[in-house]
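These notes are about the structure you will find just below.
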Amino acid sequence: QVQLVESGGGLVQPGGSLRLSCAASGFTLDYRSIGWFRQAPGKEHEGVSCISSSDGSTYYTESAKGRFTISRDTAKNTVYLQMNSLKPEDTGVYYCATDMTTAQIMCNNPLRYLGVWGQGTLVTVSS
């Protein structure tokens, strides 16, 4: 059974950092891509960053470029999202999802994963 568990969210001041974790079970990262998505208050779901299973290639939404880094630890079957220089507009619930497609396709189609992601982890960027 495919399962993803998100963790690592919290309250952080603007300019601070957080590292989110997406622990996978029921499959290995070698065969499935992972994406991080978020829903900010009053906004649509958005693909933040995704990583492909085939070659580890990554995709970032424009607002995340230069500040966020997605990585995977195949030994731990976990994908991380390191978020630096956080801004208030990064506030939201962050979810991870998995698919057998490329990082770019995943991140550009967040609605595809509605109903299949977990509890998510809340990130609040505020002073």
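In this text the structure is predicted, and so the values were computed from the model without any measurement. Worth knowing before you read on, the calculation uses all heavy atoms, side chains too, and leaves out hydrogens, waters and symmetry mates.
The hydrophobic cluster containing Tyr95 also contains Leu122, counting ILVMFWY residues as joined when their side-chain heavy atoms lie under 4.5 angstrom apart, directly or transitively. Both Leu20 and Val125 are assigned to one and the same hydrophobic cluster, defined by single-linkage of ILVMFWY side chains at heavy-atom distances under 4.5 Å. Both Met106 and Leu111 are part of a single hydrophobic cluster, where members link through side-chain heavy atoms under 4.5 Å apart. Tyr113 and Val48 fall into different hydrophobic clusters, defined by Ile, Leu, Val, Met, Phe, Trp and Tyr side-chain heavy atoms under 4.5 Å apart, directly or through other members. Phe37 is not connected to Tyr80 by any chain of hydrophobic side-chain contacts under 4.5 Å among Ile, Leu, Val, Met, Phe, Trp and Tyr, and they are in different clusters.
With 3.5 Å as the limit, one finds a donor-acceptor pair spanning the side chains of Ser17 and Asn84.
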Show the numbers, then the answer: is there a side chain to side chain donor-acceptor pair (under 3.5 Å) between Ser57 and Asp55? CA-CA 5 Å; Ser57 58; Asp55 59 2; 2.8 Å; yes

Between Ile51 and Val79, is a side chain to side chain contact (heavy atoms under 4.5 Å, CB included) present by the stated rule, with each step listed? CA-CA 9 Å; Ile51 185 165; Val79 171; 4.3 Å; yes

Chi angles and distances behind the side chain to side chain contact (heavy atoms under 4.5 Å, CB included) call for Ile70, Tyr60: CA-CA 9 Å; Ile70 191 170; Tyr60 296 92; 3.5 Å; yes

Step by step, work out the side chain to side chain donor-acceptor pair (under 3.5 Å) result for Thr98 and Arg32. CA-CA 6 Å; Thr98 183; Arg32 297 182 74 93; 3.1 Å; yes

Take Val93 and Thr121, measure what side chain to side chain contact (heavy atoms under 4.5 Å, CB included) needs, and give me the verdict at the end. CA-CA 5 Å; Val93 181; Thr121 187; over 6 Å; no

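Using a distance-only test at 3.5 Å, with no hydrogens or angles considered, no donor-acceptor pair links the side chain of Gln3 to the main chain of Ser25. Not one N or O on the side chain of Thr61 forms a donor-acceptor pair closer than 3.5 Å with the backbone of Ala64. Judged by distance alone, with hydrogens and angles left aside, the side-chain atoms of Ser33 form a donor-acceptor pair with the main-chain N or O of Thr101 at under 3.5 Å. In this structure, Ser52 contributes its side chain and Ala103 its backbone to a donor-acceptor pair below 3.5 Å. Asn77 places a side-chain N or O within 3.5 Å of a backbone atom of Phe27 that can act as its donor or acceptor partner.
Remark: Gln119 CD is loosely packed, at most 12 non-hydrogen atoms of other residues, nucleotides or ligands lying under 6.0 Å away. Annotation: Gln82, atom CD; neighbour count of heavy atoms from other residues, nucleotides and ligands within 6.0 Å is above 12.
A 4.5 Å side-chain heavy-atom check between Leu18 and Phe68 finds every atom pair outside the cut-off. Two residues are said to be in side-chain contact when any heavy atoms from C-beta on lie closer than 4.5 Å; Trp36 and Cys50 fail this criterion.
Interatomic distance, Leu81 CG to Arg19 CZ, rounded to the nearest 0.5 Å: 10.5 Å. Considering CD of Glu46 and CZ of Arg38, their distance stands at 4.5 Å, rounded to 0.5 Å. To the nearest 0.5 Å, atoms CE (Met83) and CG (Asp90) are separated by 7.0 Å. Interatomic distance, CG of Asn109 versus CG of Leu114, reported as 11.5 Å (0.5 Å rounding). Atoms CD and OG, from Glu89 and Ser63 in turn, are 8.0 Å apart once rounded to the nearest 0.5 Å. Here Leu11 contributes atom CG and Ser126 contributes atom OG; the two are 6.5 Å apart, rounded to the nearest 0.5 Å.
Screening Asp99, Thr78, Leu29 for a side-chain contact (heavy atoms from CB on, under 4.5 Å) involving Ile34 leaves a single residue, Leu29.
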